[in-house]
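Okay, so here's the structure we're looking at.
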Amino acid sequence: MIYLAVFVLCGFPGGALAKGQKSKARLSSPVLDVQARYLAMEANQTLHLNCKGRWELSWTFPKTVVKDLHSLTVVEHRCGKQDKLHCSSLRLSPALVKHTGSFSCTYQRNHKKQAAVYVYVTGRYQPFVEMHTEVPEVLYLKEGQALTFPCRVTTPDLQVSLVKFPGQRLIPDQKNIIWNSMRGFIVPNPTFQHIGLFSCEITVDGLLYSNKYLTHRQVNKILDVYLNSTEPLLALRGDRFALNCTVTAAWNSRVSITWRYPGQTDGSASISRRILEGQSSRVFYSILSIPQLRRSDHGLYVCRVTSGPSSRETNVSLTVYDQPFIRLKHRHGPLLEALAGQKAYKLSVKLRAFPTPQVIWLKDGAVAAERCSRYNVEGNSLVIRDVAPEDAGVYTVLVGIQQYRLYKNLTISLVVNMKPQIEEKAVSLQDSGIVRLGTSRALLCTSAGIPPAKIHWLWYPCPQKGPTPAPLA
Ligand SMILES: *[C@@H]1O[C@H](CO)[C@@H](O)[C@H](O)[C@H]1NC(C)=O
Ligand SMILES: *[C@@H]1O[C@H](CO)[C@@H](O)[C@H](O)[C@H]1NC(C)=O
Ligand SMILES: *[C@@H]1O[C@H](CO)[C@@H](O)[C@H](O)[C@H]1NC(C)=O
Ligand SMILES: *[C@@H]1O[C@H](CO)[C@@H](O)[C@H](O)[C@H]1NC(C)=O
Ligand SMILES: *[C@@H]1O[C@H](CO)[C@@H](O)[C@H](O)[C@H]1NC(C)=O
């Protein structure tokens, strides 16, 4: 095993070895057997690290090592004078390029106290720890945050370039662009110039290796959020239920859509998502579906959308009925009165039903709307225009939900009143009205009206010399 161990004094905590020795004696932090800031080794070799401390120890290592735990062995034992100290040995075999990263030994009781070493695992044709030559990795630019092109390398002293397409080479000046072989290229204050397609490039033995990155400016602009129903929803227990939340956001926004709903804790609903790219905007769909509604699914469904610091939400309520029903009652009693000549008269009942029923009005046993063109069904009511005496009769409203064979009916009797009228009134003045003294003459008055009018006779003496005859009535 060959280690390339390098001391980097300025990076060593304590700044001077003497001080390092002192803290080592007290072991306020664990100590590694490798005191260099980094190690470089060939792939397929075995990595050995030993750590010593006063209390129980634990290790942290790159995520890729966590995934390859079968390659890793950690042995703990007591050590030092009278076995007062704790020692731990880590063995990673074989070490692979992807294991490149920081290994640190910490106290279990205080993870801040640590000793760390960065291990480069070099592969012959793998200058980059992560290789993605064809499909660029997408990086998001966030306001006020540094931008990192994470092209970490497997050997510390490789010559890496950052290139912006098409062909602009960006030189790291360690101020505006920083190169760090453990992290990649870092742009502390990115601007719009850092939006586009970039690549990290290395030439080894005449071969060009490149990793591509596509940067996007993160925008947080939600343009619209809506559910495919704004009306309160009604459903039956056992029904399938689905709700569509549509979100329109600015083109390169990233949004997160979450739902709040009554059955959230027991996961009764499944949620599926879709994204459609438009010219200037993106449409996100989130569909919540429940295969079989239960009574407990009754309540408010809220679709909440967040994009960075902005958020919007919208909701709709769902009522779950146990079974289909029709509730039908008189609104103003079974006997109603209208007045002939009325412009319109509305016959209405109190009706609640689910699912939506079919409503038919009958007059004296025949379908009302077919009987007379003045009869119109509006909603669940029957409207009679220009009320006439012949509209009196017995009306029946039939309510039915065919699918569930549910039927109800209700009967209303309508009386049409008419203002009393005197039929002779128009002709009375045309009679001469001259009667010989001493003879008898019958006066006739015919009246019409519903209910029948009561007739009273009144007499007025004639005016002395009037040009017109005195009124009789
Ligand atoms: C490591 O071993 C694998 C197979 O065991 C081999 O394909 C690879 O080339 C080796 N890598 C190096 C750097 O020797
Ligand atoms: C519901 O979502 C689908 C996507 O599966 C979409 O095509 C459809 O237009 C949406 N409907 C409404 C009414 O929003
Ligand atoms: C809403 O969208 C879902 C899924 O596309 C659909 O199953 C459901 O019937 C829609 N609801 C309404 C009220 O349109
Ligand atoms: C539901 O939406 C309405 C407006 O659409 C709003 O007034 C109400 O506060 C919302 N309710 C909840 C619980 O979010
Ligand atoms: C109205 O309902 C009663 C039972 O409530 C039923 O006997 C009658 O046949 C129904 N009438 C019509 C016209 O359906």
Side-chain angles (χ1 to χ4, degrees), residues 222-248 256-265 268-276 283-293 296-306 310-321 324-330 333-335 347 349-371 375 377 380 382 393-414:
I222 304 168
L223 302 173
D224 201 6
V225 178
Y226 58 92
L227 290 168
N228 63 342
S229 173
T230 47
E231 298 295 312
L233 293 165
L234 310 172
L236 282 181
R237 195 153 55 111
D239 276 357
R240 202 190 101 79
F241 173 70
L243 205 52
N244 204 352
C245 183
T246 306
V247 179
T248 317
S256 119
I257 305 177
T258 51
W259 290 89
R260 279 203 313 277
Y261 56 98
Q264 199 166 358
T265 47
S268 61
S270 64
I271 290 161
S272 64
R273 294 167 211 282
R274 268 187 60 190
I275 302 180
L276 287 184
V283 184
F284 300 80
Y285 296 105
S286 179
I287 297 165
L288 175 147
S289 45
I290 299 177
Q292 281 199 315
L293 283 175
S296 57
D297 292 319
H298 175 111
L300 200 66
Y301 288 73
V302 183
C303 172
R304 181 181 167 82
V305 182
T306 55
S310 45
S311 76
R312 294 258 291 265
E313 62 178 52
T314 176
N315 66 60
V316 69
S317 72
L318 170 70
T319 302
V320 181
Y321 293 115
F325 67 92
I326 298 174
R327 268 174 243 147
L328 182 62
K329 276 199 251 170
H330 286 114
L335 183 67
L347 283 169
V349 287
K350 284 186 187 169
L351 171 61
R352 295 221 326 131
F354 189 79
T356 308
Q358 199 187 10
V359 176
I360 298 171
W361 283 89
L362 303 180
K363 164 142 199 266
D364 300 326
V367 176
E370 287 168 9
R371 256 186 96 108
Y375 298 166
V377 176
N380 295 328
L382 181 74
V394 176
Y395 291 81
T396 305
V397 58
L398 305 177
V399 178
I401 305 171
Q402 194 127 31
Q403 183 187 359
Y404 296 100
R405 305 190 166 280
L406 266 180
Y407 303 96
K408 287 243 167 120
N409 67 59
L410 202 64
T411 296
I412 297 172
S413 299
L414 181 69

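Indexing begins at 1, ligand by ligand and atom by atom, following the structure's order.
- Taking a heavy-atom cut-off of under 4.0 Å, ligand 4 is surrounded by Leu300, Glu313, Asn315.
- A donor-acceptor pair under 3.5 Å is absent between the side-chain atoms of Asn315 and the main chain of Tyr301, judged by distance alone.
- The shortest heavy-atom contact between Trp259 and Cys303 is CZ3-CB, 4.0 Å.
- Close N/O approach between Ser229 and ligand 3 is not found [any backbone or side-chain N/O within under 3.5 Å].
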Tell me which donor-acceptor pairs under 3.5 Å the side chains of residues 399-408 have, and how far apart each pair is, sequence neighbours excluded?
| from | atom 1 | to | atom 2 | distance (Å) |
| --- | --- | --- | --- | --- |
| Lys408 | NZ | Ile326 | O | 3.1 |

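- Only the side chain of Leu398 comes within 4.0 Å of ligand 5, judged by heavy-atom distances.
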Report the C-alpha separation of Tyr261 and Phe241 in whole Å, then their side-chain angles, then the decisive distance to 0.1 Å, and conclude whether the ring-ring contact (aromatic ring centres under 6.0 Å, His included) test is met.
CA-CA 13 Å; Tyr261 56 98; Phe241 173 70; 9.5 Å; no
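- Nearest heavy atoms, Ser286 versus Ile257: CB-CG2, 3.7 Å.
- Considering all non-hydrogen atoms of both residues, Ile290 and Ala269 come closest at CG1-CB, 3.7 Å.
- Taking every heavy atom of both residues into account, Leu236 and Val320 meet most closely at C-CG1, 4.1 Å.
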